[in-house]
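I have placed the structure first, in the form of structure tokens, so that the comments after it can refer back to it.
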Amino acid sequence: MIEGKITRISGPIIYAEGLDGCGLYDVVDVGEQKLIGEIIRQNKGNATIQVYEEDTGMHIGEKIVCTQRPLSLRLGPGVVGNIYDGIQRPLKTMYEASGAFLLPGERAEALDTKKIWHFEALEGIKEGTAIKAGMTLGCVKETESITEKIMVPPTIRGRLLKSFKGSGDYTVDDVIAVTELDEEIQLAQYWPVRKPRPYSQKLGVTEPLITGQRVIDVFFPLSKGGTAAIPGGFGTGKTMTQHAVAKWCDADLIVYIGCGERGNEMTEVLTEFPELIDPRTGRSIMERTILIANTSNMPVAAREVSLYSGITLAEYFRDMGMAVAIMADSTSRWAEALRELSGRMEEMPAEEGFPAYLPTRLASFYERAGRVISLDGQEGSVSVIGAVSPPGGDFSEPVTQHTKRFIRCFWALDRELANARHYPAIGWIDSYSEYADEVKDWWEVHSPLWAELRQKALEILKNENRLQQIVRLVGPDALPNTDRLLLRVADMIKNGFLQQNAFDDIDKYCSTEKQILILELMIIYYERALECVKAGAPLSQVTSIPACDEIVRIKMVYKNEELSKIEEVRTHLDNQLSEIERAWKN
């Protein structure tokens with residue numbers, strides 16, 4: 001152990017001397033209360049330390065002890081379904097031990113060291129077996145939804161097993177294997193949070209992350225292994241959208257990071273998720289969820305590291321061949337923590353007071369997303385969805401602009417839609433997805449009409465936005481019937497397709513088959529109705545057929561498995577429009 005002493009205190013930033021031999025990002029115990037800190041700057045024994053806990057009452061001259069190990073997470077059985085703070089302290093365990101308020105310097109094991117797990121070894125693994133980094137030795141049934149693979153740590157390469165215990169019941173501290181160099185392998189392993197976990201090969205993204213949200217899946221898709229941002233002002237529905245995606249997306253595991261948002265939003269996740277049923281497994285969604293909570297009333301330094309903790313957990317399960325989705329709420333609060341720490345260190349500020357290295361830090365987070373082949377040959381992915389909270393909804397501010405450089409899917413929340421209670425409030429004019437062409441082949445196999453319908457619907461909405469400017473000047477009656485019909489169909493798409501009720505038992509999740517059927521009916525109606533109007537039929541007759549209301553109500557009336565009933569609506573639409581066509585063409 002290397003010991004030093006405090007020379008200066010500036011909020012969560014502490015300056016110390018006497019720490020020769022310590023490395024950058026090593027963890028230190030600060031003061032008599034042994035608060036957790038991390039060395040973020042080192043120069044000839046003089047270190048700058050950020051403290052992850054409240055350091056009120058600390059004074060100059062107190063001792064600092066360096067552990068000579070970087071800030072790391074303990075990864076193994078027991079992490080799924082847990083709630084941690086940014087430095088992997090289990091909040092539920094600490095609440096049971098000392099109450100609702102964390103005491104300074106309080107510690108707890110990240111994993112339950114007393115719980116017995118049944119380890120099932122793979123066939124062929126025995127004494128003398130050649131192992132490699134990332135190799136799977138066996139598995140543990142962590143929850144009914146998650147089977148966790150026990151892997152050789154990436155730091156152990158090209159060894160022979162000196163001993164191997166095989167299948168049995170063990171705690172996370174028990175040694176299950178020893179290499180020829182006397183390296184011990186347990187059910188759990190450590191990994192530094194700021195260091196990306198290695199993989200064998202990075203792959204292109206080809207498969208969409210199906211969320212059950214129509215505006216996302218059809219209009220602005222996100223791929224597995226992709227990155228997305230949800231920017232929007234206060235009250236526009238960032239957290240609501242992330243909750244909906246976390247609840248219903250087809251990822252194998254969800255890592256939800258609350259970095260700087262209000263505590264009631266994390267409370268909502270804690271109270272709702274255990275009661276929600278996963279549509280894929282029929283069990284609680286909490287069985288495939290990990291929560292990291294660093295709310296706005298918690299120390300800013302821990303908020304800064306919480307993103308790295310979340311992505312490290314995601315990479316660990318990615319290496320097992322899982323598709324993992326990360327919800328980061330919100331990266332703006334994380335950036336504000338960076339700004340406060342930078343100010344305490346008296347660094348030269350850049351735009352709006354943010355540090356000049358803000359883009360680099362954002363890039364280091366988002367670049368860890370992706371679809372990869374792991375060291376053991378497993379295909380896995382990490383998808384990142386980060387909420388951004390620009391002040392006043394101003395998308396020109398630094399965090400939003402820098403985020404756009406590193407993401408390829410932009411779900412811009414619209415204030416007018418949110419005020420009209422149109423949720424998700426993802427605006428179709430400012431939003432975009434660069435993954436549409438890359439997931440097109442997947443959709444060709446599952447729903448061949450996806451690309452065509454998407455293009456036609458977006459064109460209708462784009463033209464409607466242009467026509468609305470004319471309507472504001474001269475009113476809708478000055479438009480020709482063809483344009484008025486387009487406005488009517490655009491309203492159908494907005495109200496009957498894009499708007500989705502997260503609290504409705506039927507509408508909260510929409511299968512891809514149902515999504516395509518609804519949009520196809522709307523496009524068929526528009527094209528057939530346009531022919532009728534051009535043939536001379538009154539616009540009022542075309543827009544008042546009963547099938548119009550049936551199409552708009554499909555989302556609320558018919559369940560995902562009731563596709564045959566939706567086909568009946570198609571028959572009604574065809575009959576009613578055919579009758580109008582016959583009357584006017586003759």
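This structure is a prediction, so every number in the text was calculated from the model and none was measured.
Residue pairs that meet the salt bridge (charged side-chain N to carboxylate O under 4.0 Å, His left out) test with at least one member in residues 168-180, sequence neighbours left out, are Arg74-Asp173. Residue pairs meeting the side-chain hydrogen bond (donor to acceptor under 3.5 Å, both in side chains) criterion with at least one member in residues 314-323, sequence neighbours excluded: Glu148-Tyr316, Arg197-Asp319, Glu315-Arg368.
Taking all atoms of both residues into account, the shortest heavy-atom contact from Val399 to Ala335 is CG2-CB, 3.7 Å. Nearest heavy-atom pair, Gly138 versus Phe119, reported as atom, atom and distance to 0.1 Å: CA-CE1, 3.5 Å.
Under a cutoff of 6.0 Å and an axis angle of 45°, Lys165 and Tyr170 do not form a cation-pi pair. The side-chain tip of Arg303 does not point at the ring of Tyr52 from less than 6.0 angstrom away and within 45° of straight on.
In terms of the side-chain contact (heavy atoms from CB on, under 4.5 Å) criterion, residue partners of Cys22 (sequence neighbours excluded) are, by chain and number, Ile2, Leu19, Asp26, Ile39, Gln42, Cys66. Listed by chain and number, the residues in a side-chain contact (heavy atoms from CB on, under 4.5 Å) with Asp112 are Lys114, Lys115 (sequence neighbours excluded). Listed by chain and number, the residues in a ring pair (Phe, Tyr, Trp, His ring centres under 6.0 Å) with Trp443 are Trp450 (sequence neighbours excluded). For Ser167, the side-chain contact (heavy atoms from CB on, under 4.5 Å) test picks out Glu120, Ala121, with sequence neighbours left out.
Remark: the backbone N or O of Thr239 is not paired with any side-chain donor or acceptor of Asp329 at under 3.5 angstrom. A donor-acceptor contact shorter than 3.5 Å links the side chain of Ser383 to the backbone of Gly225. Side chain of Thr331 to backbone of Ala387: a donor-acceptor contact under 3.5 angstrom is found.
His243 has its ring centre less than 6.0 Å from the ring centre of Tyr256.
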Between Arg89 and Glu109, does a salt bridge (charged side-chain N to carboxylate O under 4.0 Å, His left out) hold up when you go through it step by step? CA-CA 7 Å; Arg89 292 185 297 180; Glu109 292 289 345; over 6 Å; no
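Using a 4.0 Å cut-off between a side-chain N of Lys or Arg and a carboxylate O of Asp or Glu, Lys162 and Glu127 do not qualify as a salt bridge. A salt bridge links Glu336 and Arg333; the closest N-O separation between the charged side-chain nitrogens and carboxylate oxygens is under 4.0 Å.
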